[in-house]
Structures are given as C-alpha cells and as structure tokens.
Amino acid sequence: MLKITDLQKHFGSFQALNHLNLEIAKGELFGFVGPNGAGKTTTMKIISGLMRADGGEVVIDGINALKDSRKLKEKIGYMPDFFGVYDNLKAYEYLEFYASVYGILGRDARELCNNLLDLVNLSDKADTYVDSLSRGMKQRLCLARSLVHNPELLILDEPASGLDPRARFEMKEILRNLCSMGKTILISSHILPELAEMCSSIGIIEHGSMVACGSVEDIQNTLKTSNPVIIKVTDTKGLDDAILLLKENPEVQSISVQELTLSVVLKEEGDASRAEAALLSSLVSSHVPVRSFYREEGNLESLFMQITAEQEP
Amino acid sequence: MHINPIYRKELKLGTRSLKLPMIFMIYTLLLTFGADFACRILFDGYSSSESIYANVINLFIWVAIGEFVLVLLEIPAFTAVSIAGERERQTLDILLTTNLRPIQIILGKLMSSLSTLFLLTLLSLPVLSITFSIGGIYFEDMIRLFFLILITMFFIGSLGIFFSTILKRTSSATVLSYAALLFILAGTIAIMLIAVYVTSVREQAVYLQTGTWPAERQFHFLPLILLINPGVTMFTMIAKNYFSQSVINDYFEFIRFQQHTFLTEHWFWISILVQILFGVLFLFLAARRLDPLNHKEPVRKKKAKRRKR
C-alpha cells in the first residue's frame, strides 16, 4: 500500500530524513515510533503532500506521491498532531463542510456525517459546537473528518497525545475497528508501549533513519539477546557449583549474583538460542539444582531506549 | 450549482459572529452622519432650486468619496486575516490535504471577503439615494461608482490575500497590507512629486549651463505608476464627470510629464484594467505560495544550528 524508498529531507544543514525506507502492506496498522524530532511528522507531511522531499520516492497504491499529489489526495486521510477547529460550527456542520470539499452535498452528506459521527461515537454531539467539545472528542471528530472521502490510507500523527486513559482507549478501539474495515493506518507516537498494544507492526525512527522495523515480537527477539539470562537455583551449594561451571564456559561474558539468583550475560556472538540451550544442558548434566532458567524480557520502554540509544551519534 | 465550499463555510461563519453586524452598524452610522453633515454644510442658507441642484452633485461626490475611503480602509482588515487566520487556527494543513486546489482556497477566501465588503457598499444605497430624491445625479454615475469600488476591492483584496499567504501571523499580514495600501495611495503620488522636483532641479541646472530647456523630461513614463492608485482612478472618474474632461491630461501638462492622449483620455478604464491585472497577479502568486509542493520551506538558520550542535 505504501512504499517509501530513500526519502531525504534537509532543513538548511539539518538532515531531517536520511534515506528513510519503509513498506506498509494493505490493511496493516503500522506504528511509527521515535523520539521527538526524529522525523516522524516530516515523513507524514511528505506522504500527505504538505512538504516537498529533497530526494527519494513515496509510492501509495502504485501512485508516485511526490509527482502526482492530486491523485494521492483521494487516497489518503491525514490527521495532524496539532489542529484547530472552526468556531461557530456544529460537529455535523464541520463534517459537512469537509464533505462538500469532496463534492458530497445535501442528503448524501448528511447521511455520511451521521455514519461517521456514529463510527467515532459522537452521534450525541452532532449539534454541539465544535469548539466546546473536549480534546478527546475533537480528536475523534478530526479522525471522522479524515474519513469523509473514504480514503484507503490513514495517516495519523500522534492522535492519542494529550488524551486521558479513557479517551486513549476509545481511540484505540476506533482504530482497530477501522483496520478491520480494511483501512491501512500509519500512526505515529513517541511512546512505544502505546502503539505496541494495537499495531500489527512498528517502525522505529531515529535521526531520520529507520533503525528497526517489523512486528513487536520480532524487534523484541532481535534485541533481547543482549539481555541477561536469569538462573535461579534451590540452595547455596547449587549456587557455588553453578558459578564454577559458568566461569569455565567461554560463552559467558559476566556473572552477577543476588541471593540464589544468577544473572548471566552471554557473549553476543553466534546463535543466542543455541548458546542458551548449551548452557542449560551443561548445568543440568552437572546436577546443578536449577529452579528456573529464562532470558530477561525487558519492557518496551527499555527496548525503545535501547534502540534509540544505540543510534546516538 | 457547485458553490466554492470555502466561500460557503466563510459566509456561514460570518453570519454567526457578532463582528459583522457591528461593522455594518458602525459603517452605516458613519456614512449617515457624514451625509447629514455634508447636507447641513451644502444646503444651509440656500433656497433656490438651482443652487440645490448644484450642491446635490457635491453631496454625491462627498458621499461617494466617504464610502470609497471607508471601503478602502476595511479591505485589508478583511482579507489580510484570511489565510494567515487559517494558519494561526491550525486548520490550513488540513485544507491543503483535501482535494481543494490552492487557487480554490484563495478564491473562496477572496469571494467571502468581497461579498461582505460589497454588502457594505449596498448598505450605502439609502444614503446615496438622498441625492436621487433631489435629482442631478444619473443612474450611470451610481453604477460607475459601484464598479470602481468593486474593482478596488478586488485589487486591494488580492493584495491583502497575498500578504496573508506569505506571512504566518495575521497581525503582520494586516500591518503589511495597510503599509502597501498606504504606498499605493500616497507613496505613488509621493514618488511622482519627488520625480517632478528632481527633474525640475536638473532641468534648471541644464538651463543655467546651456541656456536652453531640455526638449524632453527624464522619467517621462513615471506617471504610469499612478495607474495602480485607486484614489487617482476615483479622482479621474469624479473629475471627468463633474469638472473637466481632461483633468489628468491638464495635470500632466502642468508638471510637464506629457503622456499619450489615448492614455489620458481613457485613464479610468486603463487604470481599471491595470488594477485587475495586478489583482490577478497577486492571486496567482498567492496560490503558488500556498501550494506546499511549490515552495521551499524557510530555513530557520538559528534553529538548524542549535540542532546540529
């Protein structure tokens, strides 16, 4: 659905996007994660035709977005990170205005607006003036607005920022619902756990480059090899035996002990799973009373910090 | 009929705000008091019908000038906030991602501003009709006045939209629009006067040296700058109808900046044409500037340096 190849953007001497590559399949809910200033909004603005790229290619459903922005506008619905609303317009009038922009008028427009308000759970607010809606409601209304022309690709720049937990939950539900309707969604955030819960795959951007891309599990698996292996034994004798054995193992980089728990960091060379299996096998064959043996998972926050820290210049 | 969606939205928003009725009220009051004041001055002490007829023309002129000035002063206030206002309200990006072309956005904004301003002009009809009740003014005079006001609205309105597009803040767009209006109204005349003074001094120097006056003045094309001045266009319209047929020609002869007879004879229509062309040019430039894919983003050097560090 969306393919970005070698996308580049400079602001003077500052390189906002550095040969960015990304591919999103149709019907996917793709999370675009990165710290502030990483290049998420710039990428989204280029895709939406709001900014010119210095190089590279953006293809949406076979259309070159950088060359044929007019055709592209029919295909995408964009929701910016910061947006305003018109005072003195009611919620349904707000949607009717954008429907009229796409040539949808009269009864069709009214019907469409009612459906969209229903979709974003704002039917009861149809006659409320937009400026008096809460932030969460405005976000949902703006999402409904981006759907008036039934786009195939939705580009949502931090749609959940500044929302309370309930509003976030409602937003996630709506996005999942849209995804089930066949929409492809590109959603950005600087909070990885927030996206990991609902996205089928994520891309982590830092300094204008994609540093990790794939499903959350794949990214976690790629990175957790650097996490320590936690070994718990039943008694102190077993602990001493285990330490002796681990010290002789060439795959072991460091050992730290806390009561009956050993935290072992393995060398990041070769196959990590094979090394783990070999270590467990040697402990068991030496009759070390192992109570549990597992690779520390680490939370998404630390994963994000780990990935982005690796890219610091 | 498909009405420009921006135009329709702006009209809806305009009718719901208190600003518009207030402007209409103030405008009508100013015009009424102005007309009343002019009536008292012009008709006070006159009793013969001949003298009343003569003063009706003067009343028409003063009311027309008053109306022209009021509209002129209001155009930048309406147009300079249009695009910059969308930007400040953070609604412009959304509009630009829709399938509206930049020129449609620009025209929708201009049309809504002009509609409001034209409504102001129509509001002056009752005041202008005072002159009709007495006689001495033709219907064509009124049509010509309305036409001139409409063209001026378009020209100055396009300028206001242009500044509104290139500047981010409504305040700076408004200030610059008024500055440009001041230049067009007074600056062009000032340039003319300076040119007259400088060339006169030079010619005197030549005369003192050679004993003869130069055959042709330098910068003889300079009076053409007045073609963009709606004030001069208004003046030529009034002067041609009520004073002298060749007032502009007489003036250029007086300052010895003679122009082609065709130009001076048709100054009103030529200046109207020039102002329309400039208006179209400003709209075209504004539409180009509004298209995000047609211009480079301004580089904020300090910010970029800070980031680099």
Test item: B/Arg16 side-chain N/O and A/Asn88 main-chain N/O as donor-acceptor pair under 3.5 Å =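 Yes.
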
ask   = Between the main-chain N or O of B/Leu96 and the side-chain N or O of A/Lys73, is there a donor-acceptor pair closer than 3.5 Å?
value =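 Yes; at least one donor-acceptor contact below 3.5 Å.
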
inquiry  = A/Tyr78 vs B/Thr98, test: side chain to side chain contact (heavy atoms under 4.5 Å, CB included). Steps then yes/no.
reply    = CA-CA 9 Å; A/Tyr78 173 66; B/Thr98 64; over 6 Å; no

query = Is it true that atom CZ of B/Phe24 has more than 12 heavy atoms of other residues, nucleotides or ligands lying nearer than 6.0 Å?
reply =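 It does: B/Phe24 CZ has more than 12 such atoms within range.
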
task = Please tell me if the side chains of A/Leu50 and B/Thr97 come closer than 4.5 Å, counting only heavy atoms from C-beta onward.
result =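 Side-chain contact under 4.5 Å: yes.
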
On a heavy-atom basis, which atom in [X] and which in [Y] lie closest, and how many Å separate them?
X        : Y       : value
A/Asp87  : B/Leu13 : O-CD2, 2.9 Å
A/Cys142 : B/Ile94 : SG-CD1, 4.1 Å
A/Leu89  : B/Lys12 : CD2-CD, 3.9 Å
B/Pro292 : A/Met51 : CB-N, 4.4 Å

inquiry  = Less than 4.5 Å to any heavy atom of chain B: does that hold for the side chain of A/Gln15, its backbone, both, or neither?
reply    =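 The answer is neither part of A/Gln15.
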
Proximity breakdown for A/Val148 and chain B, heavy-atom pairs closer than 4.5 Å =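 Neither part; nothing is under 4.5 Å.
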
ask   = Side chains of A/Tyr86 and B/Glu10: donor-acceptor distance under 3.5 Å anywhere?
value =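 Side chains of A/Tyr86 and B/Glu10: no pair found under 3.5 Å.
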
key: Part of B/Ile6 within contact of chain A (heavy atom distance under 4.5 Å)   =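 Answer is both: backbone and side chain atoms of B/Ile6 are under 4.5 Å from chain A.
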
query = Is it the backbone or the side chain of B/Glu88 that comes under 4.5 Å from a heavy atom of chain A, or both, or neither?
reply =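 Neither part.
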
inquiry  = Only heavy atoms, only distances under 4.5 angstrom. Which residues in residues 113-140 of chain A are near chain B?
reply    =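 If one takes a 4.5 Å heavy-atom cut-off, the residues of residues 113-140 of chain A near chain B are A/Tyr129.
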
query = In terms of heavy-atom pairs under 4.5 Å with chain A, which of B/Asn99, B/Leu100, B/Thr91 leads?
reply =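 Sorted descending by pairs with chain A, the first entry is B/Asn99.
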
request  = Sort out for me which of B/Arg101, B/Gln104, B/Glu86 touches chain A most, counting heavy-atom pairs under 4.5 Å.
outcome  =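 Ranked by contacts with chain A, first place is B/Arg101.
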
query = Can you tell me how far CZ of A/Phe83 sits from CD of B/Gln90, rounded to the nearest 0.5 angstrom?
reply =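 If I round to the nearest 0.5 Å, the distance is 9.5 Å.
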
request  = Determine, stepwise, if the pair A/Val101 / B/Lys9 fulfils side chain to side chain contact (heavy atoms under 4.5 Å, CB included).
outcome  = CA-CA 10 Å; A/Val101 162; B/Lys9 185 258 298 173; over 6 Å; no

